[in-house]
Amino acid sequence: MTVRVRIAPSPTGHLHVGTARAALFNWLYARHNDGVFIVRIDDTDRERSTAEFEADILESLRWLGLDWDEGVEVGGPHGTYRQSGRYDRYREVAGQLVAGGAAYYDDRSPEELGELRAQAQGEGRHPGHYIRRPETDAEVGAIRLSIPQDSPVTFDDLVRGTVVFEPRDLDDFVILRSDGTPTYHLASTVDDVDYEITHVARGEDLLPSTPKHILLARAMGATEVSYAHLPLLFGTDGRKLSKRFAAASLSVYRDEGYLSDAVFNYLSLLGWSLDAETTIFSRAEAIAAFDLRDVSSNPAIFDPEKLAWMNGEYIRALSPERFVEMVTPYVEAAVGRVLGPEEWQRFGSVAHLVQERTRLLPEAGEQVVFLFEDFDQYDESSWEKVMAREGVAGIITEARLRLEAVDNWKAEMIEPVLRGMLEEMGIGTGKGLQPLRVAVTGFSVSPPLFESMAALGKAKTLERLERALRRLAPS
RNA sequence: GGUCCCGUCGUCCAGAGGCCCAGGACGCCGGCCUUUCAAGCCGGAAACGCCGGUUCGAAUCCGGUCGGGACUGCCA
């Protein structure tokens, strides 16, 4: 039997990292089993759904590398894969269930229902305990599914094992509202049945809804699907990863220059592992090893620090050409303008050094601004730390003098000149080079000094040494 | 309140009765390298929530307990 899985985001916001992780696991499962991955849009909430969010969600999925075989935009044998176009079908199913006796109309008022719930709760029972089929059979109001009371609902969850729900703890839930629109339970279950979904892997928050979906599918005469309830993701504060958590949307990572491969790798590690040792692995390796049964059952905290580290690993693994290509927009953003060919050449000479010390792409830009713009001011803490020492002016003065005499302006030529100088002056390289670094780059932290000077050019380097001198000893 | 889920280093994951006085990764601490910062290398601190039971033997099985979470809508 062909494995058919789906992800069904609601276009009421950006793609949440939790949804992205669920999509990723579904995708891995489909790919591992040569199955079909489907993207369906659950847009029954007409008020809050927008085309912009839908486009953003699809773009995020593609960015993550999760291509789908059937679904919205790519099509398939089941129409639009958008719930908003299937209301007739949902109504049809609801009608059939009523006709077959599995569901019934209920026109009781919210107040009436509220009282029944309060009564049940007061007795320590399930809130919906007394919400059962009323005596009348008038065909008005909402439609509820009638929960069969004869036997417990049991299913084998791929990640949690056997889960049992007693029917007395289940209430007759609404499947079609009195305005004729379907509830989530109906729409989702009908789609899963119609699209012949074989495995439903979704967040653990839907575990309590699963018996409802099973009963609904059963009432429709459908074969049961397998379920896998994935552990929830939490923020570093230990609370649910909500929109309040700054980076809860996948688009944030895309926009801030994280690498798709790194985010994929990191997300796949939340609740799953390739083996006991491997942390960095490719999509292909993940596909080869993935199984929903291996997914951990306990919730995970999303750690931005580890993601950043992993992103750095992937950046370092990039080819030099690819690194320059990816970093281009960030460098130009940091400099504040578009760079010319000569400037890119300049950047190219230090790119490999920058690549080594970059975890997040925007950092790369910050490291090289000094190459293109005369900074307005020095980083004050760097200046204080380095320039306050005795003899600094002497070092810079001497360096300026000696560098002026260098004709072939290359790192290999600059290095012996400065090293020789420090040796003669009896100053250690650590102490001696820092003032030059601050003078030239404005910071006590920068790419290696000799290469930086070489890339900056002789004239600019000398100019900055003079400028630092002027600040040290204003005349 | 009720139902269900979860409980191994600060965090993510490995562990499916002896290989575990618990392993890998991030982070943290120390060292090496070094031109700063990174990277790299070496080393370190750091966990089986608790109590019982089963067993020759338990992180692994069972019960209880405590703690956390989800759900409890004519939201999804």
Side-chain angles (χ1 to χ4, degrees), chain A residues 8-10 12 42 44-45 47-48 106-108 110 113-114 117 120-129 141-144 157 159-160 163-166 168-171 173-179 181-185 187-188 203-211 229 231-232 234 236 238-240 266 269-280 296-310 312-313 316 353-359 363 367 382 385-386 415 418-419 422 428-434 436-438 441 443-452:
Chain A
S10 292
T12 54
D42 276 14
T44 47
D45 187 341
E47 301 284 300
R48 297 187 299 147
D106 177 11
D107 67 345
R108 281 171 291 185
L113 263 11
R117 286 203 183 84
Q121 204 164 135
E123 293 170 13
R125 295 175 184 281
H126 183 87
H129 184 74
I143 295 178
R144 288 180 188 277
D157 191 283
V159 344
R160 270 150 234 285
V163 182
V164 182
F165 286 88
E166 295 298 332
R168 63 169 177 276
D169 295 324
L170 267 17
D171 57 333
F173 61 102
V174 171
I175 59 175
L176 199 76
R177 301 185 190 100
S178 45
D179 67 359
T181 60
T183 60
Y184 161 76
H185 301 299
S188 178
E204 191 198 332
D205 49 340
L206 287 167
L207 192 51
S209 295
T210 301
H229 285 92
L232 260 22
F234 293 89
T236 30
R239 309 179 55 164
K240 195 176 177 185
Y266 180 70
L269 247 18
L270 257 22
W272 183 73
S273 66
L274 188 75
D275 56 41
E277 316 283 289
T278 318
T279 304
I280 305 284
S296 154
S297 55
N298 41 352
I301 290 175
F302 185 93
D303 180 11
E305 262 302 309
K306 189 164 182 176
L307 207 211
W309 163 79
M310 188 168 279
E313 291 289 306
R316 259 166 258 127
L353 300 170
V354 174
Q355 185 174 0
E356 279 175 29
R357 55 210 77 208
T358 299
R359 293 159 94 208
E363 294 171 356
Q367 291 176 54
S382 295
K385 191 165 49 182
V386 174
E415 178 164 2
L418 292 179
R419 279 191 192 281
L422 291 174
T429 46
K431 294 250 187 260
L433 261 19
Q434 276 304 82
L436 301 179
R437 183 188 308 282
V438 173
T441 71
F443 288 86
S444 58
V445 172
S446 80
L449 184 60
F450 309 130
E451 285 82 356
S452 293

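Model, not experiment: these values are computed from the prediction.
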Identify the nucleotide, in any strand shown, that forms a Watson-Crick or G-U wobble pair with rC4(B), with both distances under 3.5 Å; if there is none, say none. rG69(B)
Interatomic distance where CG belongs to N298(A) and C1' belongs to rU60(B) [whole Å]: 15 Å
Any-strand Watson-Crick or G-U partner of rA16(B), both distances under 3.5 Å: none
Is the phosphate of rG73(B) approached by R144(A) (side-chain N or O, under 4.0 Å from OP1 or OP2)? no
Can you tell me, in whole Å, how much space there is between the P of rA45(B) and that of rA38(B)? 24 Å
Checking rC4(B), rC12(B), rG2(B) against the side chain of V163(A) (C-beta onward), the nearest is rC4(B)
Find the distance L449(A):CG to rU36(B):P and express it as a whole number of Å. 11 Å
How is R419(A) classified with respect to the nucleic acid when contacts are heavy atoms under 4.0 Å: base, sugar-phosphate, or nothing? base
Select base, sugar-phosphate, or nothing to describe what G271(A) touches, counting heavy atoms under 4.0 Å on all strands. sugar-phosphate
Atom P, compared across rC5(B) and rA16(B): separation rounded to whole Å: 24 Å
In whole angstroms, the gap separating C1' of rG10(B) from CZ of F302(A) amounts to 17 Å
Kindly indicate whether the side chain of R160(A) and the base of rC5(B) share any N or O donor-acceptor pair separated by less than 3.5 Å? no
Using a cutoff of under 3.5 Å, can you pull out all pairs of nitrogen or oxygen atoms linking the protein to nucleotides 25-27 of chain B, with atom names and distances?
unit_1, atom_1, unit_2, atom_2, d
rA25(B), O4', T279(A), OG1, 3.2
rA25(B), N3, K306(A), NZ, 3.0

Scan R108(A) against the nucleic acid and name what it touches under 4.0 Å (heavy atoms): base, sugar-phosphate only, or nothing. base
Return the nucleotide paired to rC41(B): Watson-Crick means purine N1 to pyrimidine N3 with N6-O4 or O6-N4, wobble means G-U with N1-O2 and O6-N3, both under 3.5 Å. rG31(B)
Looking at the side chain of R357(A), which of rU36(B), rC6(B), rU35(B) is the nearest nucleotide? rU36(B)
Assign each of P231(A) and E166(A) to its nearest nucleotide of RNA chain B by heavy atoms, then name whichever residue's nucleotide is nearer the 5' end. E166(A)
Which nucleotide in rC4(B), rG2(B), rC74(B) has an atom nearest any side-chain atom of F165(A): rC4(B)
Nearest to the side chain of R316(A), heavy atoms from C-beta on, is which of rG2(B), rA14(B), rA39(B)? rA39(B)
Quick one: H185(A) NE2 to rA76(B) C1', roughly how many Å, whole number? 8 Å
Is the base of rC74(B) touched by the side chain of S178(A) through a donor-acceptor pair closer than 3.5 angstrom? yes
Between rG44(B) and rC19(B), how far is it from one C1' atom to the other, in whole Å? 25 Å
In whole Å, what separates the C1' atom of rU54(B) from that of rC62(B)? 7 Å
Along nucleotides 41-49 of chain B, 5' to 3', which nucleotides get a B, which get an S, and which get a -, given that the test is a protein heavy-atom distance under 4.0 Å? ---------
Could you tell me how far rU35(B) sits from rC42(B) if I compare only their C1' atoms? Round to whole Å. 22 Å
Quick one: label Y266(A) by what it contacts on the DNA or RNA (base, sugar-phosphate, nothing), any heavy atom closer than 4.0 Å. nothing
Nearest listed nucleotide, side chain of S209(A), among rU36(B), rA76(B), rU35(B): rA76(B)
Give me the atom names and distance for the closest heavy-atom approach of L436(A) to L449(A). CB-CD2, 3.8 Å
Which part of the nucleic acid, if any, lies within contact of P299(A), taking any heavy atom under 4.0 Å across all strands shown: a base, the sugar-phosphate backbone alone, or nothing? sugar-phosphate
Between R117(A) and rG73(B), does any side-chain N or O lie under 4.0 Å from OP1 or OP2? yes
Look at all strands and tell whether S446(A) reaches a base, only sugar-phosphate, or nothing, counting heavy atoms closer than 4.0 Å. base
Which is true for I301(A) with a 4.0 Å heavy-atom rule: it touches a base, it touches only sugar-phosphate, or it touches nothing? sugar-phosphate
Whole-Å distance separating the CZ atom of F234(A) from the C1' atom of rC5(B): 11 Å
Distance from L307(A) atom CG to F302(A) atom CZ, nearest 0.5 Å? 4.5 Å
Name the closest nucleotide to the A142(A) side chain, picking from rC74(B), rC71(B), rG7(B). rC74(B)
Here the distance between atom P of rC4(B) and atom CG of L232(A), to the nearest Å, is 18 Å
Mind checking V438(A) for me? I need base, sugar-phosphate or nothing, with any heavy atom below 4.0 Å counting as a touch. nothing
Using whole Å, what does the distance between atom P of nucleotide rU3(B) and atom CD of Q121(A) come to? 12 Å
Rounded to the nearest angstrom, tell me the gap between atom CZ in F173(A) and atom P in rU3(B). 20 Å
Among residues at least two apart in sequence or on other chains, which ones pass side chain to side chain contact (heavy atoms under 4.5 Å, CB included) with Q355(A)? I315(A), L318(A), F323(A)
Comparing T181(A) and Q367(A) on RNA chain B - which has the more 5′ nearest nucleotide: Q367(A)
Would you kindly check whether a donor in the side chain of R437(A) faces an acceptor in the base of rU35(B), or vice versa, at under 3.5 angstrom? yes
What's the closest nucleotide to the V445(A) side chain, out of rC5(B), rC37(B), rA76(B)? rC37(B)
On a whole-Å scale, what distance lies between the C1' atoms belonging to rG17(B) and rC56(B)? 12 Å
Report which part of the nucleic acid S444(A) touches: base, sugar-phosphate, or nothing (heavy-atom distance under 4.0 Å, all strands). base
If we take the C1' atom in both rC13(B) and rA22(B), what is their distance in whole Å? 14 Å
Opposite nucleotide pairing with rA25(B), Watson-Crick or G-U, both atom distances under 3.5 Å: rU11(B)
For nucleotides rC20(B) and rG73(B), find the distance between their C1' atoms and express it as a whole number of Å. 49 Å
Among rG69(B), rA14(B), rC71(B), which nucleotide sits nearest the side chain of E204(A)? rG69(B)
